[in-house]
Protein chains: 2
Amino acid sequence: MPTGNKDFRYFILGLLSQQPMSGYDAKQYLESLGWLVGNPSFGAIYPALHGLLEDGLVTLQVVFYENKPPRKIYSITPAGEHALDEWIHQPLLVGASTRAFVMRLLLATHLSHEGLVTHLRRRRQQVVEQQAALRQTIGETDPTNDNGQRLAFDYGMTIASTELAWLEDLIATLEAQAWPVSQEFIGKGT
Amino acid sequence: MPTGNKDFRYFILGLLSQQPMSGYDAKQYLESLGWLVGNPSFGAIYPALHGLLEDGLVTLQVVFYENKPPRKIYSITPAGEHALDEWIHQPLLVGASTRAFVMRLLLATHLSHEGLVTHLRRRRQQVVEQQAALRQTIGETDPTNDNGQRLAFDYGMTIASTELAWLEDLIATLEAQAWPVSQEFIGKGT
DNA sequence: AAGCGCATGTAAAAGGTTACATGATTAC
DNA sequence: GTAATCATGTAACCTTTTACATGCGCTT
């Protein structure tokens, strides 16, 4: 399969594109996000950085301190910018995790207006499909059924509805921002 | 430490405790849940069943058909019931995934009233902490900051708030039921 | 006769966590 | 002197996906 692989690596690359930092920095930053994107261990972060370095997507600069251990600051290269751009514009795989969605959302600055809207629309479709699947299963299941299943369905539907509303709202806002161009056009026509 | 060990295996065991089924059945059932608990592959399901069988937590019965391939129906054993009971009452690890929470929620029938409330309370605490972490990071970050970050924070806060409200609501309902404990119809015994 | 749905299974590879090792400095 | 923070890194392990193999019966 073409995409989906090494999402985490590209996400780290995205962080570096916003600001050069060390592996330690990256860990702290991710922790500050709560569990939005999980809390990967050093065993995941350092190898990711080494890989990016090997591929020439980042460069390394060692900074020495008098009273602290030296730090390895990674910075993105032009090749890295290009790779990041390619990755972030790839559509999420069907059934991609919420985490995959949030990772790209966090790097929204690297998306064009159109790219962001597209990303949100795709997520919206997935959430709609998730809701449909739940509704169908709930319909098929006889109502005398398991309590845990009912709770989980309700949970899923509640979260999905909220996310959907959030997405719709944001999409509408972003589309309105694109609107003035057309309005100008319409204005001239009228 | 994102998840408890072998959560998935125990989750499958939980499915079997609700109804004997084959690996193929399990896959279909999980798919019908949308992405509530993910869509594990056969490469995850079959080995899990083999492991359960080896540990004596399930038994196997092969059912033959005339026009279809034979199916291997797994049923939970008393030892399996016991192991399931132990597992499901263990508190989720700090930072456990939403998926881990939902898996236990789906098996809520196997939790006592107290056990379910405890489970929900622990999840509530985690969501509260997640929100606190986000608020703090948002506060520390200067407002001229990155657009993607703002979007992701807003997303995280919105989802978290909804989940929190859902949890509070359910906990309140269950606590209200706690006194009129009522007749628990355990099993189908007459 | 080709292809699909059923149904099981396994091996290789990918990706992550856990747990450790190192070593300097600051705080109690 | 002992713990904690800073900072990097590796190796063993665990789990899961990917991708394949098998084989039957039904449909086109």
Side-chain angles (χ1 to χ4, degrees), chain A residues 1-13 20-32 35 37-55 58 60-74 93-97 99-100 103, chain B residues 1-13 20-31 35 37-55 58 60-74 92-97 99-100 103:
Chain A
M1 276 288 123
T3 322
N5 251 357
K6 286 172 183 156
D7 264 11
F8 179 65
R9 210 156 125 168
Y10 281 103
F11 177 60
I12 293 289
L13 184 61
M21 62 175 91
S22 69
Y24 197 87
D25 291 335
K27 181 121 210 295
Q28 297 224 306
Y29 176 66
L30 294 182
E31 263 159 27
S32 81
W35 293 88
V37 290
N39 272 180
S41 63
F42 285 121
I45 292 173
Y46 287 128
L49 289 169
H50 300 336
L52 290 170
L53 191 60
E54 244 179 67
D55 293 352
V58 299
L60 169 58
Q61 185 194 359
V62 184
V63 181
F64 292 91
Y65 299 84
E66 302 230 339
N67 44 354
K68 288 187 178 188
R71 311 169 73 233
K72 299 194 171 176
I73 307 295
Y74 294 86
L93 299 174
V94 178
S97 64
R99 189 161 161 268
M103 289 197 312
Chain B
M1 10 183 89
T3 334
N5 251 356
K6 284 167 185 156
D7 264 10
F8 179 65
R9 207 156 127 170
Y10 281 104
F11 177 60
I12 294 288
L13 183 61
M21 62 175 90
S22 68
Y24 197 87
D25 291 335
K27 181 122 211 295
Q28 297 224 308
Y29 176 67
L30 293 183
E31 263 160 26
W35 293 90
V37 291
N39 273 181
S41 64
F42 286 121
I45 292 174
Y46 287 128
L49 289 170
H50 299 336
L52 290 170
L53 190 62
E54 244 180 66
D55 293 353
V58 298
L60 169 59
Q61 186 194 357
V62 184
V63 181
F64 293 90
Y65 300 84
E66 302 229 340
N67 45 353
K68 288 186 179 188
R71 311 170 73 235
K72 299 193 172 177
I73 306 296
Y74 293 87
L92 287 177
L93 299 173
V94 177
S97 63
R99 188 161 162 266
M103 289 198 312

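What you are looking at is a predicted structure, and each value in this text was computed from that prediction instead of being measured. In what follows, every chain begins at residue 1, and chains take the letters A, B, ... in the order their sequences are listed.
- Distance from the side chain of A:K6 is smallest to C:dG15 among C:dG15, C:dT8, D:dT8.
- Put simply, CD on A:E31 is 12 Å from P on D:dT5, counting in whole angstrom units.
- Contact between the side-chain N/O atoms of A:K72 and the OP1/OP2 oxygens of D:dA7 is not found at any separation under 4.0 Å.
- Distance A:F64 CZ to D:dT8 C1': 13 Å, rounded to the nearest Å.
- Of the two residues contacting DNA chain C, namely A:E66 and A:R9, the nearest-nucleotide position lying further toward the 5' end is that of A:R9.
- The side chain of B:N67 places no N or O atom within less than 4.0 Å of a non-bridging phosphate oxygen (OP1 or OP2) of D:dC24.
- Below 30°, between 30° and 60°, or above 60°: for A:Y46 and A:F42 the angle between ring planes is below 30°, a parallel geometry.
- Taking a 4.0 Å limit (strictly below) on heavy-atom distances, residues 40-50 of chain B reaches DNA chain C at B:F42, B:G43, B:Y46, B:H50.
- Picking from D:dC6, D:dG23, C:dT8 the nucleotide with the shortest atom distance to the side chain of A:K68 gives D:dC6.
- The separation between A:F11 atom CZ and C:dG16 atom P is 12 Å, rounded to whole Å.
- Side chain of A:Y24, nearest nucleotide from D:dT16, D:dA7, C:dA7: D:dA7.
- Note on B:D55 versus B:R9: salt bridge recorded, some NZ/NE/NH1/NH2 to OD/OE distance being below 4.0 Å.
- Look at CG on A:N39: it is 15 Å from C1' on C:dT18, rounded to the nearest Å.
- For A:K27, no side-chain nitrogen or oxygen approaches OP1 or OP2 of D:dT8 to under 4.0 Å.
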